[in-house]
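Okay, structure first, notes after.
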Amino acid sequence: MDSPSASHTAADQHRTVPGAAARAETPSGKGARDENFPVGSVLLPARFRPVVMAFYGFARAADDIADNPTLSADAKLARLDAMEASLEADDTSRGAELARLLHAHGLDATHPRALLRAFRQDAVRGRYASLDELHGYCRMSADPVGRFLLDLHEGGASKAALVYRYSDGLCTALQILNHLQDCGKDLMTMDRCYLPGDMLNAAGAEIADLRGPSLTPGLRTVIDRLLDDVDAQLSQAGKLPRALRSRRLAMESAVIFRLAHRLAARLRRADPLATRVALSKWDFFTATVCGAVAGFVTGGRGQ
């Protein structure tokens, strides 16, 4: 799709950015514990956790810039450019440290750069006309996270690419679930709506309906249609643990897969405008135990 980030010219990419990358950051205070799904859990090999957490820290910092309600679009783009430039810097910045850790594991900065394209798009765009456009956004904003983990655990991109499609399904599902959780908040705080326009029109719903205290029948229809897509994505993602050679990543993937299913089921039953729809501690406990066991038994086969 032709997005604003896709048309980011070479001149834009080399825009002079005032200040260092560290000064570009606008921390929101959010961390790994605020996420819906585990980040760098003990299921992953200890030797990989530093680079996983560095990747998360870089993505979190860039996401905070894109979501900052006090910055103009131009200011966000300039700060995101500084974040990208830091990936090639020889200093102590977050991006430089991530690049060094990636290099130590034989990886490059392809995936963090892809995330930056998504955050640039967030800075200038707040509407999506179709499910295809939303999927295009997810390919930049979510799928690179899974691909990074695959490259890291499976021995590089050339081997990991064989199972990208399963990971992409899981990551796209997670992104859409997050959009549904925050559909009202995203519009109220950042004037963003990730519900596809053609789905809204077909259901007789309007973006302004998201400002209400509860879902209208039309919005409920749209959310259920998106949850149908989540189910389809998860059907593909269910093949991931068995396809992995890394048993540890298979265990982690199986846990996240179960958490995604539980959150989708909760969103089927609950109203994300009337209440915060979230996973419980019991959800996390049971998904972790069952997923870890299932991933251990079925994973690590590379099938």
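Values below: all heavy atoms of this structure, side chains included; hydrogens, waters and symmetry mates excluded. Each residue takes its place number in the sequence, starting with 1.
- In the model, Asp198 has no side-chain atom that pairs as donor or acceptor with a side-chain atom of Tyr128 under 3.5 Å.
- Under the side chain to side chain contact (heavy atoms under 4.5 Å, CB included) test applied with Leu180, the options Leu267, Val222, Val277 reduce to a single match, Leu267.
- Across Pro112 and Phe55, no two heavy atoms sit closer than the pair CD-CE1, 3.6 Å.
- A side-chain donor-acceptor contact under 3.5 Å links Asn201 to the backbone of Gly197.
- Panel note: side chain Asp122, backbone Ala66; no donor-acceptor pair is recorded below 3.5 Å.
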TODO: Mind running side chain to side chain contact (heavy atoms under 4.5 Å, CB included) on Ile65 and Phe119 for me, showing each step along the way?
DONE: CA-CA 8 Å; Ile65 292 171; Phe119 298 138; over 6 Å; no
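- Under the 3.5 Å distance criterion, with hydrogens and angles disregarded, no donor-acceptor pair is assigned to the side chains of Asp143 and Ser167.
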- [ ] Evaluate the criterion side chain to side chain contact (heavy atoms under 4.5 Å, CB included) for residue pair Leu115 and Asp63; output intermediate values, then yes/no.
- [x] CA-CA 9 Å; Leu115 292 179; Asp63 195 15; over 6 Å; no
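- The backbone N or O of Ala99 lies less than 3.5 Å from no partner atom in the side chain of His103, so there is not a single donor-acceptor pair.
- When every heavy atom of Met83 is checked against every heavy atom of Ala62, the shortest pair comes out as CE-N, 4.0 Å.
- Salt bridge status for Asp191 with Arg125: absent, with no side-chain N to carboxylate O gap under 4.0 Å.
- For the pair Arg49 (side chain) and Leu44 (backbone), a donor-acceptor distance under 3.5 Å is present.
- A donor-acceptor pair under 3.5 Å links the side-chain atoms of Arg248 to the main chain of Leu43, judged by distance alone.
- Side chains of Asp132 and Ser130: a donor-acceptor N/O pair is absent below 3.5 angstrom, by distance only.
- Screening residues 207-225 for side chain to side chain donor-acceptor pair (under 3.5 Å) gives Arg220-Asp224 as the qualifying pairs, with residues at least two apart or on separate chains.
- Using modelled atom types, one finds a donor on one side chain and an acceptor on the other under 3.5 Å when comparing Asn68 with Thr70.
- A salt bridge between Asp283 and Arg258 is absent, with no side-chain N of the basic residue lying under 4.0 Å from a carboxylate O of the acidic one.
- Counted by atom type alone, Arg262 and Thr286 present one or more donor-acceptor pairs between their side chains at under 3.5 Å.
- In this structure, CZ on Arg127 lies 10.0 Å from CG on Leu195, to the nearest 0.5 angstrom.
- A salt bridge does not link Arg147 with Glu154: every distance from a Lys NZ or Arg NE/NH1/NH2 to an Asp or Glu carboxylate oxygen is 4.0 Å or more.
- The two residues Ala89 and Ser93 come nearest to each other via the heavy atoms CB-OG, 4.4 Å.
- Contact annotation: the side chain of Arg165 never approaches that of Leu240 to less than 4.5 Å [non-hydrogen atoms, C-beta and beyond].
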- [ ] Start with the C-alpha gap between Phe148 and His111, add the side-chain angles, then the distance that decides, and say whether ring pair (Phe, Tyr, Trp, His ring centres under 6.0 Å) holds.
- [x] CA-CA 6 Å; Phe148 154 68; His111 301 312; 7.1 Å; no
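- Between Phe257 and Leu234, the shortest heavy-atom contact is CE1-O, 3.1 Å.
- Counting non-hydrogen atoms of neighbouring residues, nucleotides and ligands closer than 6.0 angstrom, the CZ atom of Phe48 exceeds 12 such neighbours.
- A heavy-atom distance below 4.5 Å is not found between the side chains of Cys193 and Asp186.
- Checked for salt-bridge contact, Arg79 and Glu84 miss the test: no charged N lies under 4.0 Å from a carboxylate O.
- Panel note: side chain Glu133, backbone Pro196; no donor-acceptor pair is recorded below 3.5 Å.
- Hydrophobic clustering keeps Met190 apart from Ile207 (ILVMFWY residues linked when any side-chain heavy atoms are closer than 4.5 Å, directly or through intermediates).
- For the pair Met251 and Phe296, the tightest heavy-atom approach, listed with the atom from each and the gap, is CG-N, 3.4 Å.
- In terms of hydrophobic clustering, with Ile, Leu, Val, Met, Phe, Trp and Tyr side chains grouped at heavy-atom distances under 4.5 Å, Trp282 and Val289 are assigned to a common cluster.
- Here the side chains of Ser86 and Phe58 are in contact, with some heavy-atom distance below 4.5 Å.
- Under the 4.0 Å criterion applied to side-chain N and carboxylate O atoms, Arg247 and Glu252 are not assigned as salt-bridge partners.
- Contact record, Gly169 with Ala237: C-CB, 4.1 Å, taken as the closest heavy-atom pair.
- Note on Leu101: it clusters hydrophobically with Val145, by side-chain heavy-atom contacts below 4.5 Å among ILVMFWY residues.
- Within the 4.5 Å cutoff, side-chain heavy atoms of Leu219 are placed close to those of Leu273.
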Open item on the list: For a side chain to side chain contact (heavy atoms under 4.5 Å, CB included) check, start with the C-alpha distance between Gln233 and His135, then their side-chain angles and the critical distance, and finish with the verdict.
Closed with: CA-CA 11 Å; Gln233 300 291 339; His135 283 168; 3.5 Å; yes
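- Panel note: side chain Asp182, backbone Lys185; no donor-acceptor pair is recorded below 3.5 Å.
- Annotation: side-chain hydrogen bond (donor to acceptor under 3.5 Å, both in side chains) contacts of Ser246 (sequence neighbours excluded): none.
- Between the side chains of Thr92 and Glu97, no donor-acceptor pair of N or O atoms lies under 3.5 Å.
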